[in-house]
Amino acid sequence: MRDAELVKVFNRRALIVAGGELFLFSILAGRLYQLQILESDKYKKLSERNSVRIKLITPPRGIIKDRFNVEMAINVNSYGIQMIPEEVTARGLSVEEILNRISQLIPLTDKEKEKVLNNIKKKRAFFPVFIKNNLGWEEMAKLQVKNLDFTGVYVEEGKRRFYPYNEVAAHVIGYVSDVSEQELKKDPDPVLQLPDFKTGKAGVEKLMDKQLRGSAGETMQIVNSVGRVIETLDDKRKKTTPGQNIVLTIDKRLQEYALNRIKEESASAIIMDIYNGDILMMISVPTYNPNIFLSEDKSAEEFNKLLNNPRHPFINKAIEGLYAPGSTFKMMTALAALHEGKIKTSTKINCTGHMDYGDGRYHCWKTSGHGLLDLEQSLQHSCDIFYYTIATKLPMDSIQEMAYKFGFGDYTGIELANEKKGQVPSVDWKRNYKSENWYTGDTITASIGQGYTLVTPIQLAVMTSRIANGGFAVKPRILKGEFENVFFPQMNIDANYLNIIKKGMFSVVNKPNGTGKTASFNYNGKQMAGKTGTTQVRRISREERLTGVIKQDDLPWKYRNHALFVGYAPYKNPRYAISVVVEHGKSGSGTAAPIARDLMMKTLELYS
């Protein structure tokens, strides 16, 4: 009986143990089923991460061309070293150790090493980081031979930006440089993570950066445990989308000519089509070579030299420079006075060399006076007293309104960054910004483009275009449009008023004693009309007027007058407007007008 009970107990326990084993086996089988069947895709992918690498392919940046498809910004072959930090650390190595090994074959400065380490901190560990670019064949061969010693380091063939004409259109085209931390934070585009990827920092390169950069492609590579590529899966390749090509309105030939003509000055010059707004030429000097930002060895030194240049080569003076317009503004005062009925086209005013008003005495640039002049002659001789006189009868708000119509005091809309708005003062403006009342003396000063008025060279070109085209509100453009001619609204300026202004501008350049006689030419019967301007950058004291005004040549450069000229050609059937501003150029007639003559003649030569 006892033996039977023992057998029963043993069988019960054996059954429990067997049941437990069966239960554990069921759990194990279920887990295996889950891993191998239900989650097989998941773990297959996890496995592939150890053997398959997805590599982004840099898209070719779009080409920037001039109006005749001359390539101004291109891509050239480039060879460089890249590192994937994740593959380096997976082998138990440090990034610093690999950099030291590389520097034994290819010179790496401490600054270059530091830059690599900083870039690694900004990016994910599986993204490649640029180490050095522009390698020669010998340097590449050294690295290829030592490839096994440099786990996670690759020699890559790619493209880099290049500007074949150097400084010729630097301020228009701009340049590219390394992706900034701000860009990485704001823009999720994975292409920004690529080693040595560049983004536009100025000019059209910046304005059209997203269109120019394109989108990255992908390639799948099988790699072994040390990161060596075993196979590239071409069937898994995703093609890159090249960046969009951009065509500009500028003419490379005019850009080169203008740069050579004025490169010794601190100046800007613009030539604009008065009907469709095309900017054929936009120069700002001194300028810079955008290729310096692509050279590791020279960029810092050259950049600092340019940055410390007192003539500010990085500023595009054509759209960022603000200047008192001087006598180039007299056309606005005249048109406002005509529009308000304060003068007629035949009105004459006597200039004795000065005018007394209230407690002040206002001087003409010609101390002996011009005598009796009509409107056309007042422009020809640039008589200040003529405009002082009508300013005493004319509200400043009327001058401001006319100036607004011709493009002053507002952005022109040119497709370039950092354009300045300028300002045309008024009664309310002075009250709001100066907390002062407006006086007639302020209007007198403003009537000849001095005082608080500030304009940009591009605004001067727009004003001149609107006069020359008969009062259409043309706007400038730097990107070539689909259509050669576009519609701009009529400004409703009396044609008779514009005609008398045009006659005056013709007399400035082409009649005896015209202040712009130095701009005169006759190119196959084609002549230019224009207006000079000279603006003071320092105040001439009463004592100096009595003892003798200091000559411009005797003043330090920074105290000399600015020189301006605006014009258009041909006078009959006009097509092109020009503005020239030479900082501290002493006089409009002596410096700016001859430059404008040469640039306009070259334009007519090229487009006849």
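Just so it is clear, the model here is predicted, and its values are computed rather than measured. Counting begins at 1 with the first residue of the sequence.
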- [ ] Look at the aromatic rings of Phe329 and Phe408 and report parallel, tilted or perpendicular, splitting at 30° and 60°.
- [x] tilted

Open item on the list: Taking the side chain as everything from C-beta on, heavy atoms only, tell me whether Ile173 gets closer than 4.5 Å to Val204.
Closed with: no

- [ ] Could you tell me the separation between the CG atom of Asp278 and the CZ atom of Arg477, rounded to the nearest 0.5 Å?
- [x] 4.0 Å

Open item on the list: So for atom OH, which belongs to Tyr404, do other residues, nucleotides or ligands contribute more than 12 heavy atoms lying within a distance under 6.0 Å?
Closed with: yes

Task: Gln400 (side chain) donor-acceptor with Val424 (main chain) under 3.5 angstrom - done: yes

TODO: Check whether any side-chain heavy atom of Lys210 sits under 4.5 Å from a side-chain heavy atom of Ser215, and report yes or no.
DONE: no

Task: Interatomic spacing from CG in Leu192 to CG in Asp187 - rounded to 0.5 Å - done: 4.5 Å

TODO: Write down the atom of Val191, the atom of Ala216, and the distance for their closest heavy-atom approach.
DONE: CG2-CB, 4.1 Å

Open item on the list: Could you check whether any side-chain heavy atom of Met282 comes within less than 4.5 Å of a side-chain heavy atom of Ile458, counting everything from C-beta outward?
Closed with: yes

Task: Residues Ser268, His171; criterion side-chain contact (heavy atoms from CB on, under 4.5 Å); working and verdict - done: CA-CA 11 Å; Ser268 65; His171 291 100; over 6 Å; no

TODO: Report the C-alpha distance between Glu96 and Leu117 in whole Å, list the side-chain angles of each, state the deciding distance to 0.1 Å, and finish with yes or no for side-chain contact (heavy atoms from CB on, under 4.5 Å).
DONE: CA-CA 8 Å; Glu96 291 84 351; Leu117 295 173; 4.0 Å; yes

TODO: Quick one: sort the Tyr288 and Tyr175 rings into parallel, tilted or perpendicular, breaks at 30° and 60°.
DONE: perpendicular

- [ ] Could you pull out the closest heavy-atom pair between Ile274 and Tyr576, with the gap in Å?
- [x] CG2-C, 3.8 Å

Open item on the list: Testing the 3.5 Å rule here: is there a donor-acceptor pair between the side chains of Glu583 and Ser266?
Closed with: yes

Task: Matching residue for Arg575 among Asn469, Asp273, Thr603 - test: side-chain hydrogen bond (donor to acceptor under 3.5 Å, both in side chains) - done: Asp273

TODO: Ignoring hydrogens and angles, state whether a donor on the side chain of Asn75 or Arg161 is under 3.5 Å from an acceptor on the partner side chain.
DONE: yes

Open item on the list: side-chain contact (heavy atoms from CB on, under 4.5 Å) for Phe293 and Lys201? Distances and angles first, verdict last.
Closed with: CA-CA 10 Å; Phe293 295 97; Lys201 305 299 182 183; over 6 Å; no

TODO: Tell me, please, which residues at least two apart from Asn119 pass side chain to side chain contact (heavy atoms under 4.5 Å, CB included).
DONE: Lys115, Lys122, Val129

Open item on the list: Do Thr241 and Lys239 pair up side chain to side chain, a donor and an acceptor below 3.5 Å, judged on atom types alone?
Closed with: no

Task: Closest heavy-atom pair and its distance - Ala468, Pro574 - done: O-CG, 3.5 Å

Task: Pair Glu419, Thr412: side-chain N/O donor-acceptor within cut-off below 3.5 Å - done: yes

Open item on the list: Between Asp66 and Asp251, is there a side-chain heavy-atom distance shorter than 4.5 Å?
Closed with: yes

TODO: Report yes if some heavy atom in the side chain of Val76 is under 4.5 Å from a heavy atom in the side chain of Arg160; otherwise report no.
DONE: yes

Open item on the list: Has Asn308 got a side-chain atom pairing as donor or acceptor with Asn304's backbone, closer than 3.5 angstrom?
Closed with: yes

TODO: Looking only at non-hydrogen atoms, find the nearest pair between Ser579 and Leu460 and report the distance.
DONE: CB-CB, 3.9 Å

Open item on the list: In the structure I gave you, are the side-chain heavy atoms of Thr456 and Ile319 within less than 4.5 Å of one another anywhere?
Closed with: no

Open item on the list: Glu71: which residues meet the side chain to side chain contact (heavy atoms under 4.5 Å, CB included) condition with it, sequence neighbours left out?
Closed with: Ile63, Lys65, Ile74

- [ ] For the pair Glu183 (side chain) and Ser180 (backbone), establish whether a donor and an acceptor sit closer than 3.5 Å, ignoring hydrogens and angles.
- [x] yes

Open item on the list: Taking Phe406's backbone N and O only, do any of them form a donor-acceptor pair with Gln459's side chain (distance below 3.5 Å, no angle check)?
Closed with: no

Open item on the list: Looking at every heavy atom in both Asn309 and Pro313, which two are closest together, and how far apart are they?
Closed with: CB-CD, 3.5 Å

Task: Atom pair CE (Met272) and OG1 (Thr464), whose distance is rounded to the nearest 0.5 Å - done: 9.5 Å

- [ ] Please check if the side chain of Arg61 supplies one atom and the backbone of Lys159 the other of a donor-acceptor pair under 3.5 Å.
- [x] no

TODO: Would you sort out whether Val116 and Ile131 count as a side-chain contact (heavy atoms from CB on, under 4.5 Å), showing the intermediate values?
DONE: CA-CA 6 Å; Val116 172; Ile131 297 177; 4.3 Å; yes

Task: Side chain to side chain, Val455 and Met463, heavy atoms closer than 4.5 Å - done: no

- [ ] Would you confirm whether Thr240, through its side chain, and Pro59, through its main-chain N or O, come within 3.5 Å as a donor-acceptor pair?
- [x] no

Task: Carboxylate-amine/guanidinium contact Glu605 Lys602, below 4.0 Å - done: yes

- [ ] Could you tell me whether a side-chain N or O of Thr199 sits under 3.5 Å from a main-chain N or O of Val179, the two making a donor and an acceptor?
- [x] no

TODO: Report yes if the side chains of Pro325 and Met332 come closer than 4.5 Å at any heavy-atom pair, otherwise no.
DONE: no

Task: Listed partners of Glu320 passing side chain to side chain contact (heavy atoms under 4.5 Å, CB included), at least two apart - done: Ile315, Asn316, Asn418, Lys420

Task: Straight-line distance of Phe565 CZ to Arg597 CZ, nearest 0.5 Å - done: 10.5 Å

Open item on the list: Could you measure the distance from the CG atom of Leu280 to the CD1 atom of Ile578? Nearest 0.5 Å is fine.
Closed with: 10.5 Å

TODO: Measure the acute angle between the ring planes of His562 and Tyr323, then classify it against the limits of 30° and 60° as parallel, tilted or perpendicular.
DONE: perpendicular

TODO: Identify the heavy atoms of Val172 and Leu416 that sit nearest to each other, and give their distance.
DONE: O-CD2, 3.7 Å

Task: Rounded distance [0.5 Å steps], NZ in Lys198 versus CG in Asp209 - done: 13.0 Å

